[in-house]
Amino acid sequence: MPILNPDIARAFDEIADLLEIDNANPFRVRAYRNAARLIQGMSTDLHTMVEAGDDLKELPGIGEDLAGKIVEMVTTGHCSFLEKLEKQTPPALTELLKVPGLGPKRVKALWHELNVETVEHLARAAREGRIRGIPGFGEKSEARILETLQAHLAAIPRFPIAIAAPYVAALVRYLQGVPGVHRVVVAGSFRRGKDTVGDLDVLATATADSLVMTRFTTYGDVSAVLSQGPTRATVILRNKLQVDLRTVDTSAYGAALHYFTGSKTHNIAIRRLGQGIGLKVNEYGLFRGKERVAGETEESVYAAVGLPYIEPELRENRGEIEAARAGRLPKLVERVDLRGDLHSHSSATDGHHSLREMAAAAQAAGLEYLAITEHSRHLTIAHGLDPVRLRRQMEEIDALNGELQGITLLKGVEVDILEDGSLDLPDTLLSDLDLVVGAVHSQFDLPSDRQTARILRAMDSPCFTILAHPSGRLLSSRKPMNVDMSRIIRHARERGCFLEINAQPERLDLVDTHIRTAKEEGVLLAVNSDAHSTQGFAHLPFGIQQARRGWLEKQEVLNTRSLAELKPLLAATMVK
DNA sequence: ACTAGGTATAGTTACAGATGTCAATCTGT
């Protein structure tokens, strides 16, 4: 039963939450948070490192104590310190921290004053009007809690795709190792590259005597088996992810893969096409009467209904079938098309590595250029740069570029868009950069007209190249801003600036439907890692997948261009 | 709890702005 990095990261985050509610030393809390963040971003498995006898203390931010806790988790599967904390502080309290407006102090007050230990308790207390009586709370707090909980409780838990991915990879590896198994593939929304996945649909082909079903339900990471039959089983993993496994005949592999990849509306449209020419389409194949005419491969399924192969990311019944019939399917952008990255941070602000280390990591990720875009001064939590520090970094980058071979650093900034739409640094400074990435980091809940006007005004600044994470959403914690995104997209076209597809697991922002709008408006998009460490470039594939869901081709992604082609495009957005 | 530098202990991305309550807590990467 492998303990994966996200498990350890989650344990450390939970320890940090519980310590914080306990009013512990803030630096101690931060040590756990930093470790969680480090581990979440690592590309090497900690359990592999432990097995290999590596010294975990060499990881930045991991000392003797945390190294010991990691070893304990990897070898025993649990963390005794966390269990001890959970005995003295109800673990469900950490869920309450996710409610907007509730932090450690107020959660502790709710717990002590009202015995509120769970989200359900909180909802009941709010409904009964008991919250307003606690010192520090009032009617507004109570109403806000009630409002967010109603939305919260109705939501089905979904996983950001990049968070689910390592669990998926581990499960697939395990199943592939079962004797008699030929093929294992993950279908469903995971294969379509949706930003979040609800449950996983895994498909396998195997010999008739293979024990794949039994081995699946006894996988070490399984916490509950919901159903188990000869060709289908459903389990819940310890991380609460639901997984369905289906075994199919090799002859029906393509039909099953197509069927279980979906989307449902895409399948319905394909089935209707089949019906029109006398074919029955289901997960077992394509049939004319009793005769199977296709189904071994997905290509054969599409061919039988007169279509070319349609990439999974397009299968949302958003015009892909019409495009396929007309021979106008996009040739989707791929990860290897990326030549650079236009959004990253170094240890000068809230990143973890030096400029030189970031450059080397970008180069190792196959990139030719990397824009360093630190936060600006307004974002004090991220140690944002003021004009003096930014000037100094610009000189550093110039000097470093003199030494670097095969990778070029671009001088940029991720400047805060202030509430009135002005930028957090003066134009005289911004105009000396290669590019200016603008972003909203505060005041996410302005009314739509003001929020939209704010962003439009920012784009109109003399120096404005890319609007970063345009919707501002965080998948598991923050709704997108209230903005007129179509207007922002049209404005980008008129202004001649670009929008970002931010590849961070929690962001994947711009969202797919708006990417499609941007494409139709002729606005170029940049697929950016927003890397805060050398590991951050590993998220780029998820950004690419998001771009593909928005139908983007190579030339519609800004940073597929060579540096020579890119530079004039960036310069055109800047008044010099 | 980590790191550095020293074999103990100090210093640790740090603070403005908003909210909503009446002093303090939460948010932001």
Side-chain angles (χ1 to χ4, degrees), chain A residues 12-13 15-41 56-70 81 85 96-110 131-145 148 343-353 373-386 389 414-420 424 437 439-446 468-469 472-474 477-478 481 502 504-507 509 529-533 536:
Chain A
F12 282 170
D13 256 329
I15 289 173
D17 284 342
L18 292 173
L19 286 175
E20 211 168 19
I21 293 169
D22 246 5
N23 206 15
N25 173 0
F27 294 106
R28 189 180 175 204
V29 174
R30 189 186 297 160
Y32 281 102
R33 292 228 190 275
N34 287 343
R37 211 168 147 187
L38 169 86
I39 292 165
Q40 186 66 60
L56 300 177
K57 289 205 291 293
E58 286 183 7
L59 295 167
I62 304 296
E64 183 140 10
D65 184 278
L66 293 184
K69 290 188 168 87
I70 293 170
F81 179 62
L85 279 179
L96 300 185
L97 291 173
K98 293 183 192 148
V99 177
L102 293 187
K105 297 285 189 296
R106 303 180 96 197
V107 165
K108 188 177 186 180
L110 287 164
I131 288 175
R132 67 185 74 176
I134 308 174
F137 291 80
E139 286 185 26
K140 288 234 171 112
S141 306
E142 191 175 85
R144 185 156 178 234
I145 287 168
T148 50
H343 186 166
S344 72
H345 301 267
S346 80
S347 48
T349 56
D350 60 345
H352 299 293
H353 294 99
T373 55
E374 309 283 13
H375 290 292
S376 60
R377 56 192 169 187
H378 180 258
L379 204 61
T380 52
I381 187 179
H383 204 46
L385 301 186
D386 59 22
R389 292 177 63 215
E414 181 182 4
V415 65
D416 261 48
I417 298 173
L418 305 178
E419 190 187 343
D420 65 356
D424 187 32
V437 176
V440 171
H441 289 117
S442 60
Q443 297 286 97
F444 293 99
D445 52 0
L446 296 180
H469 40 74
R473 74 165 179 186
L474 294 177
S477 58
R478 187 167 68 212
M481 292 185 283
N502 187 298
Q504 288 213 12
E506 285 288 325
R507 292 200 184 271
D509 180 12
S529 71
D530 197 357
H532 283 69
S533 75

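In what follows, every heavy atom counts, from backbone to side chain, and hydrogens, waters and symmetry copies are set aside. In what follows, chains carry the letters A, B, and so on, assigned in the order in which the sequence lines appear, proteins first and then strands, with residues in each chain numbered from 1.
- Atom name P, nucleotides B/dG5 and B/dA10: the rounded distance is 16 Å, in whole Å.
- The nucleotide whose nearest atom lies closest to any side-chain atom of A/A31 is, among B/dT21, B/dT29, B/dA1, B/dA1.
- For the pair A/D509 CG and B/dT29 P, the interatomic distance rounds to 11 Å; values are reported in whole Å.
- Here, B/dT19 and B/dT13 have their C1' atoms 25 Å apart, quoted to the whole Å.
- A/H345 comes within 4.0 angstrom of nothing in the nucleic acid, heavy atoms only.
- Checked by atom type and distance alone, the side chain of A/T148 never pairs as donor or acceptor with a backbone atom of A/V99 at under 3.5 Å.
- When the nucleotides B/dA1, B/dC26, B/dA18 are ranked by their closest atom to the side chain of A/Q443, B/dA18 comes out on top.
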#### Entry: Bracket notation of DNA chain B in which parentheses pair within the strand, [ ] cross earlier pairs, and | pairs with another strand (Watson-Crick or G-U, under 3.5 Å)
((((....))))..(((((....))))).
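- For the pair A/I131 CD1 and B/dT21 P, the interatomic distance rounds to 12 Å; values are reported in whole Å.
- Taking every side-chain heavy atom of A/I381 into account, B/dT29 is the closest of B/dC15, B/dA1, B/dT29.
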### Derivation of the ring pair (Phe, Tyr, Trp, His ring centres under 6.0 Å) call for A/H441 and A/H378
CA-CA 9 Å; A/H441 289 117; A/H378 180 258; 8.8 Å; no
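- Note: CG (A/D386) to P (B/dA14) measures 14 Å, nearest angstrom.
- For A/H378, the listed nucleotide lying nearest its side chain is B/dG17; candidates were B/dA14, B/dT29, B/dG17.
- Taking atom CG on A/L474 and atom P on B/dT29, their separation rounds to 6 Å, with Å as the unit.
- Phosphate contact (OP1/OP2 of B/dT27, side-chain N/O of A/R478, threshold under 4.0 Å): absent.
- The gap from the P atom of B/dA14 to that of B/dA8 amounts to 29 Å, rounded to the nearest Å.
- To the nearest whole angstrom, the two P atoms, one in B/dG11 and one in B/dC15, are 16 Å apart.
- A/F12 does not carry A/R33 over the face of its six-membered ring by the limits of under 6.0 Å from the centre and within 45° of the normal.
- Between the side chains of A/E414 and A/H469, at least one donor N or O lies within less than 3.5 Å of an accepting N or O.
- B/dG17 sits 23 Å from B/dT12 when the P atoms are compared, rounded to a whole Å.
- Two residues, A/G63 and A/N34, neighbour DNA chain B, and the one matched to the more 5' nucleotide by heavy-atom proximity is A/G63.
- Nucleotides B/dC22 and B/dC26, compared at atom P, are 14 Å apart to the nearest Å.
- Within 4.0 Å of A/L66, counting heavy atoms only, lie sugar-phosphate atoms of the nucleic acid but no base atom.
- As rounded to whole Å, 12 Å separates atom P of B/dT25 from atom CD of A/E20.
- Using a 4.0 Å heavy-atom criterion, one finds that A/N25 contacts the bases of the nucleic acid, with or without backbone contacts as well.
- Between A/T349 and A/R144, the one whose closest nucleotide on DNA chain B sits nearer the 5' end is A/T349.
- Following rounding to the nearest Å, A/I15 (CD1) and B/dC2 (P) show an atom-to-atom distance of 11 Å.
- Residue A/R106 is classed as a sugar-phosphate contact, given heavy-atom separations below 4.0 Å to backbone atoms only.
- Side chain of A/H532 to backbone of A/D530: a donor-acceptor contact under 3.5 angstrom is found.
- A/P26 comes within contact range of no nucleotide atom at all, as no heavy-atom separation falls under 4.0 Å.
- In terms of phosphate contacts, A/S347 brings no side-chain nitrogen or oxygen within less than 4.0 Å of OP1 or OP2 of B/dT13.
- Nucleic acid contact class of A/L446 (heavy atoms, under 4.0 Å, all strands): none.
- Side-chain contact check for A/L102 versus A/I145: some heavy-atom pair is nearer than 4.5 Å.
- Contacts of A/R132 with the nucleic acid, taken as non-hydrogen atoms under 4.0 Å apart, are absent.
- Test A/H383, A/H352, A/H375 against A/H345 for ring pair (Phe, Tyr, Trp, His ring centres under 6.0 Å) and you get one pass: A/H375.
- Here the side chain of A/S141 is nearest to one of B/dT29, B/dC26, B/dT21, namely B/dT21.
- At least one donor-acceptor pair closer than 3.5 Å links the side chain of A/D424 to the backbone N or O of A/R377.
- Within 4.0 Å of A/D65, counting heavy atoms only, lie sugar-phosphate atoms of the nucleic acid but no base atom.
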Show me the donor-acceptor pairs within less than 3.5 Å that the side chains of residues 131-142 of chain A make with the rest of the protein, sequence neighbours left out.
residue, atom, partner, partner atom, Å
A/R132, NE, A/E142, OE1, 3.0
A/R132, NH2, A/E142, OE1, 2.8
A/S141, OG, A/R106, NH2, 3.0
A/E142, OE2, A/I131, N, 2.9
A/E142, OE2, A/R132, N, 2.9

